[in-house]
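Below, each value reflects all heavy atoms present in this structure, side chains not excepted, and no hydrogens, waters or symmetry copies.
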Amino acid sequence: MELKGNPKKNLTDDHKPILEIYQVYKKMGGRAIIQNLTLNAYSGEVLGLLGPNGAGKTTLIRMIVGLMSTTSGRISIAGHDISREKVKALKHVGTIIENPEMYKFLSGYDNLLHYSRMVRGVDKARIAYLVKLVGLEFRIRDKVKTYSLGMRQRLGVAQALLHNPSLLLLDEPTNGLDPAGIRELRDYLKRLAHEENVAVVVSSHLLSEMELMCDRVAIVQNGSVKDIQKVNHTTVAGAAENIPVVFNIDRPDLAQSAIQAAHPEVDVYEDPAGVRMTAEIEQIPVINECLVAAGVKVYEIRMLAKSLEDKFLEVTNEKQLKLAESGKRG
């Protein structure tokens with residue numbers, strides 16, 4: 001049953017990004033903070049900005065919400081250029097940069113009521129809906145000074161959503177939270193994106209949290225996007241790329257000799273499940289046929305995905321190696 005206070009968004013094109021960042025460049029004090037950065041965010045997804053401290057994540061978020069201007073490039077929200085149509089663009093945005101600021105001597109409800117008076121069209125039904133959405137219905141009448149940090153973060157999310165934005169921006173939202181608070185906030189953000197069709201953009205330097213929270217992760221380093229990774233998907237780009245594979249079998253010794261005889265170019269190693277190897281994706285069914293013909297029982301074939309950590313280290317290490325090489329040449 002649909003809850004009151006949750007107006008449906010008029011989404012005419014699911015494939016059109018809510019947030020478009022195109023070739024953005026930001027220079028401060030003679031130094032390039034953001035360099036030729038292009039990135040899109042879509043309704044119904046949690047997009048992570050992952051990078052070390054100083055990578056440019058907070059600067060990018062500040063430019064998205066108009067707190068800083070771009071040196072060049074374009075940022076648009078729901079089709080409105082932030083530099084030329086700032087008011088129209090920001091009508092579609094809710095944001096928390098660093099920690100949410102609330103009046104601690106007021107209750108959570110009174111805080112939301114106070115902020116709702118600044119936005120046209122927000123009624124008590126909308127407030128009640130958001131309170132339920134973030135799971136604060138049993139504490140909303142308590143003073144904010146009695147809230148845990150996790151509860152204040154969730155109240156901040158409710159406040160940012162009062163005007164029913166299409167885009168929610170959060171800068172390092174899990175800072176200072178305990179494990180329970182991190183999990184609660186993570187679950188609410190995923191629910192918000194997937195059930196409420198909001199585009200959620202989260203910045204963090206925590207690999208594990210990005211992997212659990214996000215649908216896609218943009219790896220940011222030195223002010224530019226080095227890679228965009230779908231979370232919990234293999235990084236196989238095509239049939240020619242080698243990938244690690246595990247065969248769960250009953251005769252590892254027989255399997256190794258059979259594979260090496262038929263495919264000497266494939267390196268085979270023992271694994272607790274049977275054997276492990278790195279092979280092209282089109283070789284996998286051929287190797288399976290080879291094992292069956294040799295009398296080996298194959299119980300499972302498992303392709304191993306690169307973790308987000310693997311990809312992050314791969315991308316950042318490549319950058320460090322290039323810098324080291326250029327330094328040697330210099």
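No side-chain heavy atom of Glu45 sits less than 4.5 Å from a side-chain heavy atom of Val200. With a 4.5 Å cut-off on side-chain heavy atoms, Glu270 and Gln256 count as touching. Looking at Ile96 and Val157, their side chains come closer than 4.5 Å, going by heavy atoms from C-beta outward. The shortest distance between side-chain heavy atoms of Arg186 and Glu209 falls below 4.5 Å. Taking 4.5 Å as the limit, every side-chain heavy atom of Lys143 sits out of range of all side-chain heavy atoms of Lys104.
Looking at Glu172 and His205, their side chains do bring a donor and an acceptor atom within 3.5 Å of each other.
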side-chain hydrogen bond (donor to acceptor under 3.5 Å, both in side chains) between Ser43 and Asn197: does it pass, once the steps are laid out? CA-CA 5 Å; Ser43 298; Asn197 213 35; 4.5 Å; no
Between Asp250 and Lys297, is a salt bridge (charged side-chain N to carboxylate O under 4.0 Å, His left out) present by the stated rule, with each step listed? CA-CA 6 Å; Asp250 68 336; Lys297 293 180 180 178; 5.0 Å; no
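The salt bridge (Lys or Arg N to Asp or Glu O under 4.0 Å) search around Asp81 returns Arg84, not counting sequence neighbours. Partners of Glu300 according to the salt bridge (Lys or Arg N to Asp or Glu O under 4.0 Å) rule, which considers only residues two or more places apart in sequence or in another chain, are Arg302.
Between the side chain of Gln283 and the backbone N or O of Glu280 there is at least one donor-acceptor pair closer than 3.5 Å.
If you look at His92 and His80, their ring centroids are closer than 6.0 Å.
The pair Arg139-Asp142 meets the salt-bridge criterion, since a charged nitrogen lies less than 4.0 angstrom from a carboxylate oxygen. Glu184 has a carboxylate O that lies under 4.0 Å from a charged side-chain N of Arg154, or vice versa, which qualifies the two as a salt bridge.
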